[in-house]
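Scroll down for the structure; my scribbles are underneath it.
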Amino acid sequence: MTAPLLRVEGLRRHYASGGGLFGRARYVTRAVDDVSFDVMPGETLGLVGESGSGKSTTGRLVMGLEEPDAGRVVFDGTDLTSLSSSQRKPFRRRMQIVFQDPYAALNPRMRVGDFVQEPLLVHGAEAGPDRVAALFRTVGLDPAFMQRYPHEFSGGQRQRIGIARAIALRPQFLVADEPITALDVSIQAQIVNLFQDLQESMGLALLFIAHDLSMVRYLCSRVAVMLRGRIVEMGPTEAVFGDARHPYTQALLSAVPIPDPAHERGRKRLAFDAGGYAFPPAAALRDLGGGHFVLMGEAA
Amino acid sequence: MALLAIEDLSVGFAREGRFARVIPGLTYGVEAGETLGIVGESGSGKSVHALALLGLLPQPPGRILGGRAVFDGHDLLAMSEARLRDLRGGRIGMIFQDPMTALNPVLTIGRQIAEPLMRHKAMSMRQALDRAADLLALVGIRDGARRLSQYPHEFSGGMRQRVMIAIAISCEPALLIADEPTTALDVTVQGQILDLMAELRDRLRMTMVWITHDMGVVAGIADTIQVMYAGRIMERGPVDAVFANPRSAYTYGLLQSLPHGSRPPGGRLMQIPGCPPDMFAPPPGDPFAPRNPFATPRCHVEAPPLRPVPDSVPGHMVAAWYDLPRLLA
Amino acid sequence: MREVWRALTRRSGWLGLLGATLLVVLVLLAIFGPWLDLPDPTRTNLRARMVAPTLSWFSLGAHPLGTDQLGRDILSRIIAGSRVTLMVAGAAVLLGGVLGTLLGLISGYFGGWVDRILMRLVDIQLALPLMLLALMVVAALGPSLRNLVGVLALVSWVRYARIVRGQVLAVREREFVQSARAIGASHPRIILRHILPNVLTPALVVATLELARVIVLEAGLSFLGLGIQPPDPSWGRMLADGRTYISSAWWIITFPGLALMLTVLAVNLLGDWLRDFFDPRLAVR
Amino acid sequence: MGRFLLSRLVDGIVAIWGVVTIVFVVSRLLGDPAILLLPVGATEEQLQQLRAGLGLDQPIWEQYLTFLGGVVRGDFGNSFQFMRPALSVVLERMPATMALAESALLVGVVLGAVAGSMAALFRGTIVEGVVMLLALLGQATPVFWLGLLLILLFAVDLGLLPTGGYEGPASLILPALTLGTFTTASIARLLRSGMLDVMKDDHVRTARAKGLLPGTVFLWHVARNSLIPVVTMVGILAGELLGGSVVTETVFSWPGVGRLIVQAMEAKDFPVVQAGVMVIATIFVVINLFVDLLYGLLDPRIRARR
């Protein structure tokens, strides 16, 4: 068995809100609470959950865009959380991120060619126009677009530009934070196929954060389901989708609309109150065999 | 008889001195008791035409260029604003996409539900608030009497959408237009809202127009599906027939580009190439032709009319010069 | 550039165009004033005291806008006054703008205690009506031109700092800045390449609005005798001097005030248009 | 809510403390008050004596603490001109300043609100054009010039109203109009643009989709929501108003705090300057405290956050 490329252990991030000049914080949001998972080289792990479940924060913590309150992010054997930002820089070549909103993800005052070139310059890599043009072609864009500004592009094209920037340094690992959510339906498949092509040609490992369960089922070999900052179920995609054990996963799967009228007419949705659900005491991920984990209390 | 019959509705938009006919001429009807699901991407004109019907389209930049929309025997577009106002919120209810912004943040929920009742049912504030509490119970919000005095920010997104539904159905409308009411919601909440809407529709015997971009949602709630692209109807018909046997390359592409189950090794999604047209410079002919691998030369020059599909169920119509089943075979 | 032109010539843009034109004319007059064939603005002529305006432009030696109580030509004094006013206000706005933008950038980007201290300083300064602050400082340091510029800059940095900080806070969370952090770009690079270009336009908008405020403030100080000192002509001072003669010579206070109002109007028009063009959200300040 | 009030109060006190410090620093920059106080040709001994009497021979931080202590007790020292406590000199002039500022604010809020609403309601018509033109001119006209013009027109030419002074309500009209013009113009413009923005909001579309009458939509869904930025603006405008009062009072020979400060500055009577500035800064801070409270009343989201 090979070693995981990325190992996340006990990651925690709490946000304090409220409070003032002297008061201590009034509310604590457990954005990410004791999250652990591995990503193997070349593998795609799906991270699903609803808005506010902590999935995007997890991605940001993995990338070091936010500091965790506790826990470790180990990349290829090195604990990144203990590194200074200059020690961390070499790892930035090897792991990158693609964002959700293709409108906010590009600097509106920078030519897209410069934007794609920037990581090459920052890391002192070969950054000539040919290299940038090659990147444009890799993501299916005409290199003639390099001189243009972001507002001249459609959503799908912008997302391609964001991807070109992310893969410029040939990373081994990519966080894709809801990369298709903001796109039109007819464009989503283009981007998913692009991810697939890149994965095959570059051997990329992918942390695919999404709330579209059908897409996750299609794209990911393993999936982790998050609820209010915690992973409640994780395992090989078919195990989780075919034999969901956690009530939240079951409710989620029962609610996914399927484009098939006959199926939809017979559907029974399971009720689940995500906000009111109480985690059982001493809950921990327990192995059901075959790498399928479910968050359960001790009694179970 | 059709409760709502739209004939040749045409809507334009002006921006920075340029003009676009975002809806070149739309004709369709909704039968009483029917649920029509309108599917389309951004820019397909699905939301714009609904706003235009009710006189809610901001003009300018929008402009209604012509057509009729007969509701219950009267043309909404020819009606005075005062008469249209009597219908809005009364016999025609509407629900919008984003429950976070669709409610007034500085007024209590109770007042916002009570307003249409006072307006259309001549209730006093007191009566209206009593009724509002019942309506909250109807849309599944417990402890309604207490929650009436709360403000929108004290409600979650799903709860706010329930409040919007309570407002829309408060006067028991004959027609309910729902513009992407579940798009901004999480999957499980979307499921709850879909169930609630189906139940209310049956209980109040409402006719419904449900606008969405999600094929899965339409499959669940609609009797008839109408697929729109670039302001035109590409295909329309009973959901079972259209999903089982799509005749428009666009409908087919949309359905095929969605993932089904897990990926077979080496498998790829079928993708629709290109991107939606710029409505300020639309392609001549069939607007989908430039992205359509099945397009015939005629598609590029002449827009096809919406015609019945000969060998399908009644009501199944498609706008295409090509014969998709034959091309696929 | 073409976009700017199109926006300027649009229906709502003509006011901005008007402002820009007025301002350009004013600046040209201020620069080329000395080359115009006009009477010396500081030369007194007691035989021609309080001559009423004549509009015979081309007759040599005439006073189109009249003369003041010392017989000085009002038109040439207004033009000479515009030089001083524009120089003082321009320098102050530039100085205040650079300082405020810099501090706003630092405050917004790094946050923490630097931010807290700076913003507290802003609050304190905002708790003091500007006019009073300027009055006090000028009274303390003496009304030299350099002090005046310094005081006006001190008064205006606050608004830049506030707006720029707010913008930085918004831009900092945008995904392209996150992306720059993700590729390991240095702080200076992120600030200079990604943040500064995206906050410059709001800062420019503030600069025009500040220019108008500072011009009025300077005129007010001069009016109270604490601004530009004689013999340098200044609009505020001309108004103050003309007060005494208000019942006998209306033109002494009318024309300098008109010049002041037109200048402020021009700058405001341009500023409003810039704001609407670049960022309508800045409207609520 | 209580905690919020407390924290705003602390903010206000910190701001006033900052003003005190600025005033202290500036007054020490003013030069040696002893030289200013004594007639020319005073002996070094006399100077030393006066310095000791004023506490100017103490180390600077001790002077600062003494000054702070004085401020807390309301003791700014005696006015050099009037030879009695500076604070009481200032407070005597307060009613005049308050009368002026209050009337100007009233003029500004009422006229501004009416004009702004009209402009928004009749957008695209001549009404909006006229209101906006007047508002632009109003914002561009410096108070001292406007004051002079009004005097020229109503006092000198028409002889309807007094040119200045403080005799009866008639003498308040011109100064209040002068001072209130900028406020009127600013509120009119802000309210108009605020209303036009709110009119585009989704919730107004919801209100219209309910079939509500235009009056109901405007009053409850547009005007109600547009008030919030206006209230913030009033806090800022209060500062402009207090600063503007310095000039307005000078133009109209209005016996208020502003004119007193200017006169005291000319006479280097800095205890009065200090007391005057402190009083005005305090008023400003108190106004903004009220604005913050009002803000919470208008916007339940903010109420909840407190």
Side-chain angles (χ1 to χ4, degrees), chain C residues 15 19 120-121 123-142 212-213 215-217 219-226 235-236 239-240 242-243 246-248 250 252-254 256-258 260-269 272 276 280-281 283-285, chain D residues 11-12 14-19 21-23 25-31 136-137 139-146 148-149 151-152 156-157 163 189-190 193-194 197 229 232-233 236 239-247 250-251 258 261-262 265-266 268 270 273 276-277 280-281 284-285 288:
Chain C
L15 277 175
R120 205 24 42 108
L121 216 60
D123 284 349
I124 289 171
Q125 190 169 329
L126 286 178
L128 203 76
L130 297 182
M131 194 71 190
L132 281 182
L133 182 69
L135 266 179
M136 271 179 16
V137 178
V138 174
L141 298 175
R213 294 169 57 81
I215 288 173
V216 173
L217 202 58
L221 286 175
S222 299
F223 181 76
L224 295 175
L226 285 163
W235 296 344
L239 287 174
R243 260 181 86 192
I246 190 165
S247 51
S248 50
W250 55 269
I252 304 183
I253 60 148
T254 304
L258 203 60
L260 188 52
M261 190 193 77
L262 280 180
T263 311
V264 174
L265 188 66
V267 176
N268 275 344
L269 287 176
D272 281 352
D276 292 347
R281 278 166 304 149
V284 179
R285 283 211 304 149
Chain D
D11 284 357
V14 169
I16 291 179
W17 166 75
V19 173
T21 309
I22 293 177
V23 167
V25 170
V26 170
S27 66
R28 286 304 171 263
L29 291 174
L30 268 170
L136 269 170
L137 289 177
Q139 271 193 326
T141 312
V143 275
F144 41 95
W145 187 52
L146 183 65
L148 291 176
L149 283 186
I151 289 175
L152 188 62
V156 177
D157 282 2
T163 55
R189 295 191 60 192
L190 183 72
S193 68
D197 278 353
T232 325
M233 187 74 166
I236 296 169
E240 303 274 349
L241 216 64
L242 291 170
S245 74
V246 175
V247 185
T250 306
V251 171
I261 293 174
V262 173
M265 235 167 230
E266 283 164 2
K268 309 273 181 199
F270 67 82
V273 174
V277 169
I280 287 190
F284 186 56
V285 167
N288 274 289

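Keep in mind that what you see is a predicted model, and the values were worked out from it rather than measured. Order of the sequence lines sets the chain letters (A, B, ...), proteins ahead of strands, with each chain counted from 1.
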Residues at least two apart in sequence or cross-chain that pass side chain to side chain contact (heavy atoms under 4.5 Å, CB included) with D:Ala140, listed by chain then number, are C:Met261, C:Val264, C:Leu265, C:Asn268

When the 4.5 angstrom heavy-atom criterion is applied to C:Leu226 and chain D, the contacting part is side chain

Checked D:Ile261, D:Leu137, D:Leu242 vs chain C; the most non-hydrogen pairs under 4.5 Å come from D:Leu137

Within the structure provided, determine whether C:Phe223 and D:Val247 are in side-chain contact (heavy-atom separation under 4.5 Å). yes

Applying side chain to side chain donor-acceptor pair (under 3.5 Å) to D:Ser245 and not counting sequence neighbours gives none

Worksheet item: Are any non-hydrogen side-chain atoms of D:Val262 and D:Val246 less than 4.5 angstrom apart?
Response: yes

Ranking C:Leu269, C:Thr254, C:Leu262, C:Ile215 by heavy-atom pairs under 4.5 Å to chain D gives rank one to C:Thr254

Highest number of heavy-atom pairs under 4.5 Å with chain C among D:Val143, D:Thr21, D:Leu152 belongs to D:Leu152

- Message: If you define the side chain from C-beta out and look only at heavy atoms, does anything of D:Val19 sit under 4.5 Å from D:Phe284?
- Response: no

Honestly, the part of C:Ala219 sitting under 4.5 Å from a heavy atom of chain D is both

